[in-house]
Amino acid sequence: MSSPAYTDLYLWINGQKLSGGGRAHSAVINPFDGSTLGQMPHATADDLQAALASSEQGFKAWRAVTAWQRAAVIERAVAWLRERSAQLEELLTLEVGKPLAEARMELGLTLESMTWCAEEAKRIYGRTLEPRIPHGRMVVSREPVGPVAAFAPWNVPALLTGRKIAAALAAGCSMVIKPSEETPATCLMIAEAFAAAGLPSGVLNVVLGEPDFISRTLLASKVIRKVSFTGPEPVGRQLAKLAAENITPITMELGGHGPVIVCDDADVEAAAAASVPNKFFNAGASCIAPTRFYVQDAVYDRFVAAFVAGAKAIKLGSGFDPETRMGPLANARRLVAMERLIGDAVARGAKLETGGKRVEGDGFFWEPTVLTHVPEDADIMNHEPFGPVATISRFTELDDAIELANRLPFGLGAYAFTQSLSRAHQLADRIESGMVGINTYYFGMPEGPFGGVKQSGYGSENGTEGIDAYLVTKFVHIV
Ligand code: NAD
């Protein structure tokens, strides 16, 4: 099956496409077969200073644009992308390896989120207060925070770049964004849409290259007034320290370790049927993926049987084959992580119910894997696997399951299945997580705040909270 063509890669700074010119390059790899898709130019120190200066000017221009005009630009960018959705879906499949159907789902959600941000631009409301002095005016207004530095990962690259850009632009901010080294073309196509939609030069800059160098340079600059980061927790920790130097606020989404509690009163087969596609979606590389399943004694065997049967039925292959249900892992680092985490669990006595090894060949394929009897101190029970592996454990008392769910320092997506209303309320109240799904895995809709607690980060994307993250409050008193 032949793959569609990849696109040229460049830095997008002040409305100019920059590549070549003696800049270093690195290869972007196709996870399906390990081949090289393209060569990505690396931003130099001068490029980053140009991006900062351009964002500073871009902010001055953009903050003067009315909310209605800002919304219109975002809507035109959405329309441009919608007309070219097939091309963007193909890029997503090329860069990440995900099945086209999942790429389509991601793009649909991206466009919905961007549209929602455009609509919200018109609803950034302040308020007036009763004056302390006759005829005085006391006004609370919401203003854009300023130029934003954004960093997005490779797992859902259209959604995580599209919604960061659209929310910041809706609020009136400019942005310098660095997509992942593995998925630059997806972000560049979204930037192209904004250029075609008439976004003034400098309001959006895209920089590519060495992540540590880029984040250190951008965050050291006083031009940057806000940071938005989605990615691994150690990197978030580092960026929070860098941001602290200039007291720059930061929104961070750092992943989790999704617990799932399946109670003995749940519709077990329905729970398993919902769990399998959500676990193996995007080859497990989702920050809200269900990972640690805790199943009550009476329904444990039925759940394991249904889940393992579902995992075994998943067809692996090229994302461009309509029969494929799971593509490769997005990069070779995930293969190493799977080998290590699963090897450690098995060495500690876990039972491999299915999967457990790499698929022979050049691509980064890993079998859908299910482990049972995994001790809680195994690495996989303590570190986010971010891959196609589920652990299933047994519990007797609900209190114990809640304690296990809350045991880790993460709290992003957490789930429970029960048909008891009182248990549903109890679980919703007691699970420490930014998002709790009872009888559902459905999150990510633009109107719902998406974010974690504890070491999963702070702040939200989506929801009115997601626009708020790019605003500051001003109180004006006129007498
Ligand atoms: P990694 O450290 O190679 O980098 C992941 C992302 O962080 C990349 O996009 C990279 O460009 C960026 N990054 C790395 N160092 C950076 C820096 N100093 N400044 C700015 N950005 C930087 O990690 P990985 O191997 O891709 O993933 C490992 C783990 O990261 C996963 O197991 C998962 O837990 C987590 N992760 C989480 C999300 C999420 O959605 N929360 C997304 C991707 C990865």
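Just follow the structure's listing: the first ligand is 1, and inside any ligand the first atom is 1. This is a predicted model, so every value here is computed, not measured.
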*asked:* Has E384 got a side-chain atom pairing as donor or acceptor with G256's backbone, closer than 3.5 angstrom?
replied: yes
*N/O separation below 3.5 Å, E182 to ligand 1*: no
*Is the F303 ring parallel, tilted or perpendicular to the F293 ring (thresholds 30°, 60°)?*
tilted
*Against heavy atoms of S180, which atoms of ligand 1 measure under 4.0 Å?*
9 (O)
*Would you say K315 has more than 12 foreign heavy atoms packed within less than 6.0 Å of its NZ?*
yes
*Determine, for E339 against R358, whether the closest basic-nitrogen to carboxylate-oxygen distance falls under 4.0 angstrom.*
no
_Per-residue contact class, R334 against ligand 1 - non-hydrogen pairs under 4.0 Å_ = side chain
*salt_bridge(R23, D47) N-O dist < 4.0 Å*: yes
*Examine the proximity of ligand 1 to P153 and report which part, side chain or backbone, both or neither, has a heavy atom under 4.0 Å away.*
both
*Between E182 and R333, is there a salt bridge with N-O shorter than 4.0 Å?*
yes
*For the residue pair F365 and F32, does the interplanar ring angle fall in the parallel (under 30°), tilted (30 to 60°) or perpendicular (over 60°) class?*
perpendicular
_Ion pair check, E56 and K60, cut-off under 4.0 Å_ = no
*Would you mind running through ligand 1 and noting each atom that sits below 4.0 Å from a heavy atom of C287?*
39 (C), 40 (O), 41 (N)
_Checking contacts here: is it the side chain or the backbone of V235 that comes within 4.0 Å of ligand 1, counting heavy atoms only? Could be both or neither._
side chain
*Within the structure, does N331 bring an N/O atom to less than 3.5 angstrom of an N/O atom in ligand 1?*
no
*Ion pair present between E181 and K178, side-chain N to carboxylate O less than 4.0 angstrom?*
yes
*Please say whether G255 places an N or O atom under 3.5 Å from an N or O atom belonging to ligand 1.*
yes
*Using a heavy-atom cut-off of under 4.0 Å, does the side chain or the backbone of P179 touch ligand 1, or both, or neither?*
neither
_Enumerated ligand 1 atoms positioned under 4.0 Å from heavy atoms of L254_ = 41 (N)
*Would you mind telling me if ligand 1 is within reach of the side chain of V156, the backbone, both or neither, using heavy atoms under 4.0 Å?*
neither
*Quick one: which ligand 1 atoms are inside 4.0 Å of a heavy atom on W154?*
24 (P), 26 (O)
*Take every heavy atom of A285, measure it against each atom of ligand 1, and state whether any distance is under 4.0 Å.*
no
*Does the N or O separation between T230 and ligand 1 drop below 3.5 Å for any pair?*
no
*asked:* Assess whether a salt bridge exists between D344 and R348, defined as any Lys/Arg side-chain N lying under 4.0 Å from an Asp/Glu carboxylate O.
replied: yes
*Taking only heavy atoms of A152 into account, list the atoms of ligand 1 that are under 4.0 Å away from them.*
9 (O)
